[in-house]
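This report refers to the structure that appears directly beneath it.
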Protein chains: 2
Amino acid sequence: MKMTYTIEQLKDYLKKHDIKPSTIRIKVLEYLLNNRIHPTADDIYQYLINEIPTLSKTSIYNTLDLFLEKGVVSTLSLKEKELRYDINTYLHGHFKCEVCGKVYDFPVTYKILDVNESKEFTIKSIDINAYGICKKCNEKINKEEK
Amino acid sequence: MKMTYTIEQLKDYLKKHDIKPSTIRIKVLEYLLNNRIHPTADDIYQYLINEIPTLSKTSIYNTLDLFLEKGVVSTLSLKEKELRYDINTYLHGHFKCEVCGKVYDFPVTYKILDVNESKEFTIKSIDINAYGICKKCNEKINKEEK
DNA sequence: AATAAAATTGAAATTAATACAAAATTAAAT
DNA sequence: ATTTAATTTTGTATTAATTTCAATTTTATT
Ligand SMILES: [Mn+2]
Ligand SMILES: [Mn+2]
Ligand SMILES: [Zn+2]
Ligand SMILES: [Zn+2]
């Protein structure tokens, strides 16, 4: 993991979101900022257990629930059992490759928000989740076929 | 539940989707066609257990998995534990009211498919899920406030 | 240093979904 | 019609992500 943020920066990030900085919270935030792979709670746990041997899974859930409440993360409910977490809370779409399992971001134009014109609902958030095959996997498949 | 379909119609519906009609499959299909509320497997089970006292939950899962495989239903992965099923497999968006919990359909313009222009992914399906407050709940809240 | 508040842990409970073999039903073959 | 094979349904056990919650540890306050 690239070390891109100083402890002070991470602490400020949390404070700005009305979260008291603790060791675990800083580590989880650092992981999320440096690993933008839409990790699951377990992904985060498996990585951090190396750094904090006494770490419990519950602490990861506690931290992520708090982050969610304070708007530090958003969740991705893709068609899989585990919930994923995203440190990027700005409007953007997600694409899951059904071959390699990776989840990619893609830009979403404001056109999509035309939906919001509807008088029926007050929309607070929108998720746009696409499924298919990514470029890399497509190329691999084409190679094998020829 | 309004009886809108004859047994023969239900059988044909299944046959057209390459599914052998059985009692349970017909009943599940009938439920899905007459109750367009995006039910969970348990919703379907709780209703049908009254009609088929020997019914098992596994049969509901088996049936829904088969329906999914044959394209009779699509699934909704909203930010909740249970998966929901939709007999409407045409492109449309979903709105979940965070107050009453109901899931509504809304039309999706083809604009959204501009996303598909991307050279990075081959998109096979798109889910558009919105969250917020529905009209009914909004009105109720406004009344209480005044 | 003593006390209170907050954060973390660990074990147990919950629960949607899955696995799978046995039983029951339906279809095909004799 | 009876036997045999194929399919469907059931029931039990298992899995695994998440939740609950009381006990412990850490941090902040007096
Ligand atoms: Mn993202
Ligand atoms: Mn729908
Ligand atoms: Zn891929
Ligand atoms: Zn509502």
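Keep in mind that the numbers below use all heavy atoms, side chains included, and drop hydrogens, waters and symmetry copies. Lettering of chains follows the sequences in order, A, B, ..., and the numbering in each one begins at 1.
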Rounded to whole angstroms, how far apart are NZ on B/Lys57 and P on D/dA13? 17 Å

What is the distance from CD1 of A/Ile19 to P of C/dA6, rounded to the nearest Å? 16 Å

Round to a whole Å and report the spacing from CD of B/Gln46 to C1' of C/dA16. 13 Å

Can you check the A/Lys11 NZ to D/dT27 P distance for me, whole Å? 11 Å

Tell me the ring-ring contact (aromatic ring centres under 6.0 Å, His included) pairs involving residues 74-99 of chain B, sequence neighbours left out? A/Phe121-B/Phe95, B/His38-B/His94, B/His92-B/His94

Between D/dT9, C/dT8, D/dT20, spot the one nearest the side chain of A/Ser22, thanks. C/dT8

Write down the distance between CD1 (A/Ile49) and C1' (C/dT9), rounded to a whole number of angstrom. 11 Å

Choosing from C/dA19, C/dT8, C/dA16, which nucleotide comes nearest the side chain of B/Thr58? C/dA19

Quick one: B/Leu55 CG to D/dG11 C1', roughly how many Å, whole number? 12 Å

So, are A/Asp127 and B/Lys79 salt-bridged, with charged N and O less than 4.0 Å apart? yes

In whole angstroms, the gap separating C1' of D/dG11 from OH of B/Tyr45 amounts to 11 Å

Using the closest heavy atom to pick a nucleotide of DNA chain C for each, name whichever of A/Thr23 or B/Glu82 lands nearer the 5' end. A/Thr23

Can a salt bridge be assigned to the pair B/Lys124 and A/Glu98 using a cut-off of 4.0 Å between side-chain N and carboxylate O? no

Return the residues of residues 60-81 of chain B meeting this criterion: a heavy atom under 4.0 Å from some atom of DNA chain C. Order them by number, or give none. B/Tyr61, B/Lys81

Same cluster for A/Ile26 and A/Tyr61 if Ile/Leu/Val/Met/Phe/Trp/Tyr side chains link at under 4.5 Å? no

Looking only at C/dA6, D/dT7, C/dG10, the nucleotide nearest the A/Ser56 side chain is C/dG10

Judged by each residue's nearest nucleotide on DNA chain D, which is more toward the 5′ side, B/Ile24 or A/Leu83? B/Ile24

Nearest heavy atom decides the nucleotide; on that basis, is B/Ile52 or A/Thr40 closer to the 5' end of DNA chain D? B/Ile52

Taking every heavy atom of B/Asn88 against every heavy atom of B/Ser74, the minimum-distance pair comes out as O-OG, 3.8 Å

Interatomic distance where CG belongs to B/Leu48 and P belongs to D/dT9 [whole Å]: 12 Å

Are there more than 12 heavy atoms of other residues, nucleotides or ligands under 6.0 Å from atom NZ of A/Lys57? yes

Does the pair A/Arg84/A/Asp43 count as a salt bridge with the N-to-O cut at 4.0 Å? no

